[in-house]
Amino acid sequence: MFLLLLEIVIMVSFIIYGLVKGGALGSGITSIVALFIMLFIFKLPPSAPPVTAVLIIISIGVASGALQASGGMDYMISVATKIIKKFPKAITIVAPLVCFMFVFGMGTAMISLSLEPIIAETAIKSKVNPKGALISSVLASNMALLCSPASSSTAFVIMLLMPFGISMGTYLSIVLPSTIISIVLLSLILLVVNRKVPFNEETLIAGEEMVEVTTHDNKAKYSTYVFLTCVLGIIVFGLFPGLLPQYTVNGENVEIATADLVQMFMYASAALNLLFFKVDSKKILNAPATMNALAASLVVLGGGWLGGTIFGSPGNQETLTNSLGAILGNYPWVIIILCSFVAMIIGAQTAVAAIIFPLALALGVSPLLLVIIVQCLNVNFIIPAQPTMLLACELDRTGRTKTYNFIVPGLAITALSIVVSYGMTLFI
């Protein structure tokens, strides 16, 4: 048991050190260094690297980069901006739903970074306390990533759970409605709470208003339509796998895996941008979405490979089964605490899933329970390192939005999602 705890301490220390020194990229690199220590010093047998997860992230990154290079993401931001500004007095409810909808469609939280200045200024101009709208929008954007088929974290979690009988249809039928209901409930609570706080225009901190780009060429619009059509294709074929081609190899039925389906549609989106809209391939490679995806893929590769090696070794498996396995057998809800703790430290949803979910499944945790508690992968609001959270605090010119203000609403919306998800399972 001592060696296992020592290995876990080394893993966590290297991951945190990498995050502090080099962000996501640094975390991935230091995880590989820790893996080297596990293999050569602790003599743990190596696990298989999470290659499929890395391939999914890269494909989504390339597709998102092509969309960004074509101007499609800016076009989507302008559309979202118009919706938010149309309902200024109800911004505490409208803004998080808009953020959720667009992150769900695009599969990246980057779009919420561009919407936060709009949310803050629209609220201030309408004499509405921006604190509630900003907090709920940040949390809604994070939660949308675990609902979107165009998100690497969603695709990876579904890929892990499919061998245990959890299809994309089952996953989305639980996670999607429970997340939307939780967002609405939290927004209503924050709306009531913030109405009790008087808005004093004289206390506003001076700041520059965002200059909006409202004109977009047809290339940006058509590129967006192509991307969203490919996302729709993933949803349709994921929900109705009978529509996919059927193959027989050596007398056995062979199907297209969900992970492969996501990659094919994402690369198809990028290919159409290259062929029909003449998007420069160099711009795709240099797009922030592509670079972020490459960094995220390294986090998953390093963290998943390291975690798989530590928790998958026969000796550690026996130790975990005798200790943690017995606890989870009697108190399965403990996985909520375990998952939330790791998410708080690492912060990357896919990396946390790559470490915790295979371990939980190996210890006999129900795959359906992992679907119910999947939003625990989003407990990254306790340690203030998330860009969307930090930006929201900077943009609030009333000075009321602080990093610690996200903790209680974040825990509340996570708890709500778990309760509602459990309720959804009763109808499946």
Side-chain angles (χ1 to χ4, degrees), residues 24 50-80 100-114 141 144-159 168 172 216-239 244 256-301 348-350:
V51 175
T52 303
V54 171
L55 294 177
I56 291 172
I57 295 172
I58 292 175
S59 68
I60 292 174
V62 171
S64 299
L67 180 69
Q68 201 165 26
S70 69
M73 200 164 289
D74 289 335
Y75 170 67
M76 292 296 284
I77 291 169
S78 69
V79 174
F100 174 87
M101 179 175 63
F102 281 85
V103 173
F104 173 84
M106 311 306 284
T108 173
M110 288 180 61
I111 194 168
S112 64
L113 283 169
S114 301
S141 299
L145 290 173
L146 285 167
C147 300
S148 171
S151 163
S152 59
S153 50
T154 297
F156 179 64
V157 170
I158 293 175
M159 181 199 73
M168 181 183 289
L172 291 179
H216 301 276
D217 56 20
N218 288 331
K219 181 176 74 172
K221 296 179 182 179
Y222 295 147
S223 175
T224 302
Y225 301 154
V226 166
F227 184 88
L228 293 178
T229 300
C230 289
V231 173
L232 181 61
I234 296 172
I235 296 174
V236 170
F237 286 111
L239 294 179
L244 289 168
I256 299 175
T258 302
D260 297 335
L261 188 70
V262 173
Q263 293 177 65
M264 286 188 289
F265 271 105
M266 289 293 96
Y267 282 126
S269 171
L272 290 171
N273 272 301
L274 282 170
L275 295 175
F276 293 103
F277 308 129
K278 309 299 181 184
V279 178
D280 188 350
S281 59
K282 291 183 180 179
K283 289 185 177 180
I284 296 177
L285 290 174
N286 293 325
T290 306
M291 292 189 288
N292 288 341
L294 292 176
S297 66
L298 189 56
V299 171
V300 173
L301 176 64
Q349 300 158 325
T350 313

**Study point:** Intermediate values then yes/no, side chain to side chain contact (heavy atoms under 4.5 Å, CB included), Ser64 and Phe227
**Key:** CA-CA 8 Å; Ser64 299; Phe227 184 88; 4.3 Å; yes

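- In this structure, Ser148 contributes its side chain and Leu145 its backbone to no donor-acceptor pair below 3.5 Å.
- Between Ser152 atom OG and Leu55 atom CG the span is 12.5 Å, to the nearest 0.5 Å.
- Nearest approach of Leu261 to Gly238, heavy atoms of both residues: CD2-N, 4.1 Å.
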Point to revise | Evaluation steps, side chain to side chain contact (heavy atoms under 4.5 Å, CB included), between Met266 and Ile234 | key: CA-CA 9 Å; Met266 289 293 96; Ile234 296 172; 3.9 Å; yes

Review point. Where do Leu228 and Met76 land on the side chain to side chain contact (heavy atoms under 4.5 Å, CB included) test, with the steps shown first?
Key: CA-CA 11 Å; Leu228 293 178; Met76 292 296 284; 4.1 Å; yes

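- Using a distance-only test at 3.5 Å, with no hydrogens or angles considered, no donor-acceptor pair links the side chain of Ser223 to the main chain of Gly72.
- For the pair Thr290 (side chain) and Asn286 (backbone), a donor-acceptor distance under 3.5 Å is absent.
- Between Val300 and Ala53 the shortest heavy-atom distance is CG1-CB, 3.8 Å.
- To the nearest 0.5 angstrom, Gln263 atom CD is 11.5 Å from Thr258 atom OG1.
- The minimum heavy-atom distance linking Val279 with Ser70 is given by the pair CG2-CB, 3.7 Å.
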Check your understanding: For Thr350 and Val299, what are the C-alpha separation, side-chain angles and deciding distance, and is it a side chain to side chain contact (heavy atoms under 4.5 Å, CB included)?
Key -> CA-CA 9 Å; Thr350 313; Val299 171; over 6 Å; no

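- Residue Ile56 holds its CD1 atom at 10.5 Å from OG of Ser153, rounded to the nearest 0.5 Å.
- Residues Pro50 and Leu301 are in side-chain contact: their nearest non-hydrogen atoms beyond the backbone lie under 4.5 Å apart.
- Once rounded to the nearest 0.5 Å, the distance linking CG of Leu244 with CD1 of Ile256 reads 5.0 Å.
- Contact between Ala66 and Asn273 at its shortest, heavy atoms only, is CB-ND2, 3.9 Å.
- In this structure, CG in Asn292 is found 8.5 Å from CD in Gln68, a value given to the nearest 0.5 Å.
- The nearest pair of heavy atoms linking Val54 to Ser297 is CG2-O, 3.6 Å.
- Here the CD1-CE distance, from Ile60 to Met106, works out to 12.5 Å after rounding to the nearest 0.5 Å.
- For the pair Tyr222 and Val226, the minimum side-chain heavy-atom distance is 4.5 Å or more.
- Phe104 and Cys147 get closest at one heavy-atom pair: CE1-O, 3.2 Å.
- Side-chain atoms of Ile158 and Thr154, non-hydrogen and from C-beta on, do get closer than 4.5 Å to each other.
- Looking only at side-chain heavy atoms (C-beta outward), Val262 and Met159 stay at 4.5 Å or farther from each other.
- The number of heavy-atom neighbours closer than 6.0 Å to OH of Tyr267, taken from other residues, nucleotides and ligands shown, is above 12.
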